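Heads up: the structure comes next, in structure tokens.
Everything numeric in this text was worked out from a predicted model, so none of it was measured.
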Amino acid sequence: MSKPGKSKTLFAFWKKNASVAANSPSGSSVAHGENVSVEVEDDSNHNNLSSDSNVTPNSSCNIGPRPTHIRPSDGNLGLGDASSSSTDTLSCLGEDVTLEQTQSARLNTPTGPTKRTHSKPSVSRSKYYTFQESWRKGNTWLRYDSSKNIMFCTVCRSFDKSNRRNTFRDTGCSSFRLSNVDSHKKSDVHKAAIQAEAASKIEKKDRPIERQVTKMSEHQLEKMKKYFKTSFFIAQYGKPFSDFKLLMELQLHNFGDDDQSKLYTSYLSDKQCKEFIDHIAADILEKNVTTQLNDDCFISILADGSTDRSNTEQEIIFVSMLNNNRAVTQFVTLASVPQANAENIAKELIVTLTDKLKLKNWKNNLVSCCFDGASVNLGCKSGVAVRLTEGAPHIISVHCCAHRLELAIKNIEEPLITEVEKVVQDCYLFYRWSVKNWGELQKVGSLLKISVKRPAKLIGVRLLAHHYRAINAVRFNWPAIVTHLNNVGSSCSADASLKKREQAMTLLDMLRALVFVFLTNFLCSYFAILKEMSLTLQKNDITVDQVVDKVQCVKKSLLKLKMEKELNETIHKDVQIITDTDNKIKVTYHGEMIGISAQQNREKRSQSAKMKETCAETVNKAILQVKNAAVKVIDETVKNIDDRFESFTNHKVIRAAAIINPHNWPTDNEIDAYGDEQLTDIFNHYQSILEARHVNLSAAKLQWLELKRLILRKKRRWKIDCENKEDGESTTTEMWASVLGDEELLTRFDQIFPIIRILLVLPVHTAELERGFSQMNVVMNEKRTNLKTNSLNSLLTIKLSNIDYMTYDPVGAILKWSPWSGKRRRPDSKPYGKRPKKDFGTAQVSEAAEDVSEAPGLIGKTSENMTWSSESDPETEERREVGEGLVGGGLARLALEFEEESSAWESDDSDF
């Protein structure tokens, strides 16, 4: 007889599955040829045996579908030995099937006994498992996504940054069993995420790394803050490193010689100042950039090249990212490349992404790259953009919009405008390189009650802004300039040379020409429109859709300026035309006669004769020339803008980015369908990186509809007024920062928020890089051409951080520099050289010496045999103070006292 325990277990198991099969829609019998394997554990010898049997459809034993948790096994049914199992009977639904009949049916199959197989479980299951809300009791981190039918861990998705496998963080768990929840709860990755969440809720002062600072004494920490703040001041204001010692000594002199103001002499050096600045720069980069990035973030990279004052090719790199849910452009690094070709630049960008920004899988984080129009960057065959997009076709290469506008204007060629620009440049040079001429012009302006503007250079970094400023300065100063040049040309004093008088009279004739006056009025209005567009395209908070709107507005403004009435009013501004009875006219500009030469003016003054008046035909001819030139310039400008911005405005993703601007949203009746088509284009372009973050298009569209309605209902809360179009640049940024920063909405709109974040970091211009190069030239001036790239990089990081040295908190940099960083600090160490001989005397052994004598193995002498200096050594006291302050006593104190003991023993041996 078989053991009752085994038969009871087997009967109950088969009976359960047979009852399920009897009620299943597929029938009550098992299909022919289906392998059934059962595993039963023997209580006596703990051996696992099993058997495979083929049951025909006519069999009276209905066992139901094969359970998924039964493993295929060796080939013998686990019922003990053969002798005892032969008499056992299996009861299934009231029918008796002996073991001999079952084995006979298996042996009589055409294929004979089945071999051991590891076939996968059947698709059909005996039981369907669902998520239970009761599992969330005690597991507040557990969430269920009904759209995907998965359960996931919110804590792991937010705080688990490891590369270890974590189903509850990555794809979510679709096997709804309480054992899976408990297994994840006990896993190491979940425990680490829980600890990270708890650490994030601790106040800054209570964090472990902050508690290390409390080990310093209060005055010790204040001293170190003075060092680091002074170093920060030197870096921010471009002072040389050698000024560090002078500034620290000045502070000591101002605050007196009390104990609190003593300085550590080993830190008063330019090398130590450089070290402080390096740690400050590392701390700023970590706070502003590195800590804001993670594996799920989206960024855009911006790069440009230039040559510094030491003729070294430098590549400046910025990154567009979300900092506290606001789109910002942050400086990352300044790298020197051996040769400014596409291969070296692309390699440096990849190193920056992987090492500086710590993005190992950077292709899943990078959404676009922005460069100027250089062929090395945007070359269609082997440029930097092409090399970055290899294996990542979703990365968009953006040509700086500010450079596009500059190139559109540069391509315009008009002889009359070229002549006007030459006259403006000559006026600049005439007063720029002569202090006497500039002083005389200011005196003339004061007599005419004109606040003279300094003549500006025509060419500059901002081409359009410099053009407008230079032409407008000549137009504004025209009465004073004409009066001064007339005085210089007619002067017979010895101070005015013949060459200078001729130069003044030539320039005066050009300024009095009718074409110059009319065309200058037109160019001031023309460049004012383009200058406004150029400055708008260089704003840091401008979005992609605002660029498209600005291009359309500028084109409309230029076409309006081209109209006959508007053009006449523009070119005749401040010009008066007086006609007499003889059809002779006089043309004046700011009260001065124009259209006559300087020779005619001299004849009038010398002979007191009536000045020859200009005929109407000459004036009309000049007006016609200016109008034709103006129309030509406007037409070419509009055409060039269309050509330059066509690739930008027609890009699917760029055009679709306009949906995030609430000022573009239609009325409530049409808001439901708005943006669905654009959302599809964005998802299709970034499908690979969005699917890696479990974003689904259909779910994103549903959340997009709900989000639009929510924003319209709560527009006051997020400081947005859709009817006020003028403040659109600021309200859009503020609105999305508030929406993305709302913790209640993070889980609710987890499908649409990643798409919004991509659109917010799309770059528009590289103006910030040009500002970085300007600051680089300020830092590395003609007297600091020996600065290394590392030092220049640290100085730029501090200078571009926009942090005031008065409010700067150096605690983070002190922690990086302090002994906990793994480096040994010896504040009182001095340069190598001859030391003064110390006078050691006999004194009582101090308490510190007793501590050293008690340390086993530290020194082999007793405290009674030691001698000690009768006078306190200030250097040793300073060193003991710093050691106890930075390390909190401990080993540093023992090491210092051991060194003092050694000196004392040397003195004792010499006396002996």
side-chain hydrogen bond (donor to acceptor under 3.5 Å, both in side chains) partners of [X], counting only residues at least two apart:
X: Asp145; result: Ser147
X: Lys708; result: none
X: Lys185; result: Asn139
X: Tyr144; result: Asn149

Can a donor-acceptor pair be found, under 3.5 Å and without considering hydrogens, that links the side chain of [X] to the backbone of [Y]?
X: Arg143; Y: Thr140; result: yes
X: Trp141; Y: Phe152; result: no
X: Ser158; Y: Val155; result: no
X: Ser174; Y: Ile150; result: no
X: His394; Y: Leu366; result: yes
X: Trp736; Y: Asn325; result: no
X: Asn664; Y: Ala658; result: yes
X: Thr167; Y: Cys173; result: no
X: Ser183; Y: Asn180; result: no
X: Tyr686; Y: Val367; result: yes

Charged N to carboxylate O under 4.0 angstrom, [X] versus [Y]?
X: Glu390; Y: Arg387; value: no
X: Lys186; Y: Asp182; value: no
X: Arg709; Y: Asp672; value: yes
X: Lys816; Y: Asp283; value: no

To the nearest 0.5 Å, what is the distance between [atom1] on [X] and [atom2] on [Y]?
X: Asp676; Y: Leu702; atom1: CG; atom2: CG; result: 9.5 Å
X: Ile194; Y: Asp160; atom1: CD1; atom2: CG; result: 10.5 Å
X: Ile711; Y: Met735; atom1: CD1; atom2: CE; result: 4.5 Å

If you compare all heavy atoms of [X] against all heavy atoms of [Y], which two are closest, and at what distance to 0.1 Å?
X: Gly172; Y: Arg157; result: N-NH2, 4.3 Å
X: Ala700; Y: Ile752; result: O-CD1, 4.0 Å
X: Val289; Y: Met321; result: O-CE, 3.9 Å
X: Phe683; Y: Asn696; result: CE1-C, 4.3 Å
X: Pro763; Y: Val398; result: O-CG1, 3.7 Å
X: Arg748; Y: Glu706; result: NH2-OE2, 2.6 Å

For the residue pair Gln132 and Thr130, confirm or rule out a side-chain donor-acceptor distance under 3.5 Å.
yes
Answer whether the closest heavy-atom distance between the side chains of [X] and [Y] falls below 4.5 Å.
X: Leu359; Y: Ile299; answer: yes
X: Thr352; Y: Val319; answer: no
X: Cys297; Y: Leu322; answer: no

Quick one: side-chain hydrogen bond (donor to acceptor under 3.5 Å, both in side chains) pairs with a partner in residues 354-369, sequence neighbours left out?
Ser300-Ser368
Sort and list the pairs that fulfil side-chain hydrogen bond (donor to acceptor under 3.5 Å, both in side chains) and have at least one residue in residues 750-760, not counting sequence neighbours.
Gln703-Asp750
Angle between ring planes, Phe753 versus Phe749, binned at 30° and 60°: parallel, tilted or perpendicular?
tilted
Assign the ring pair His184 / Phe168 to parallel, tilted or perpendicular, where the plane angle (0 to 90°) is split at 30° and 60°.
parallel
Go through Leu142 and Phe131 one step at a time and tell me if the side chain to side chain contact (heavy atoms under 4.5 Å, CB included) criterion holds.
CA-CA 11 Å; Leu142 187 62; Phe131 180 81; 3.6 Å; yes
After noting the C-alpha distance and the side-chain angles of Leu760 and Leu740, does the key distance pass the side chain to side chain contact (heavy atoms under 4.5 Å, CB included) rule?
CA-CA 11 Å; Leu760 288 176; Leu740 296 175; 3.7 Å; yes
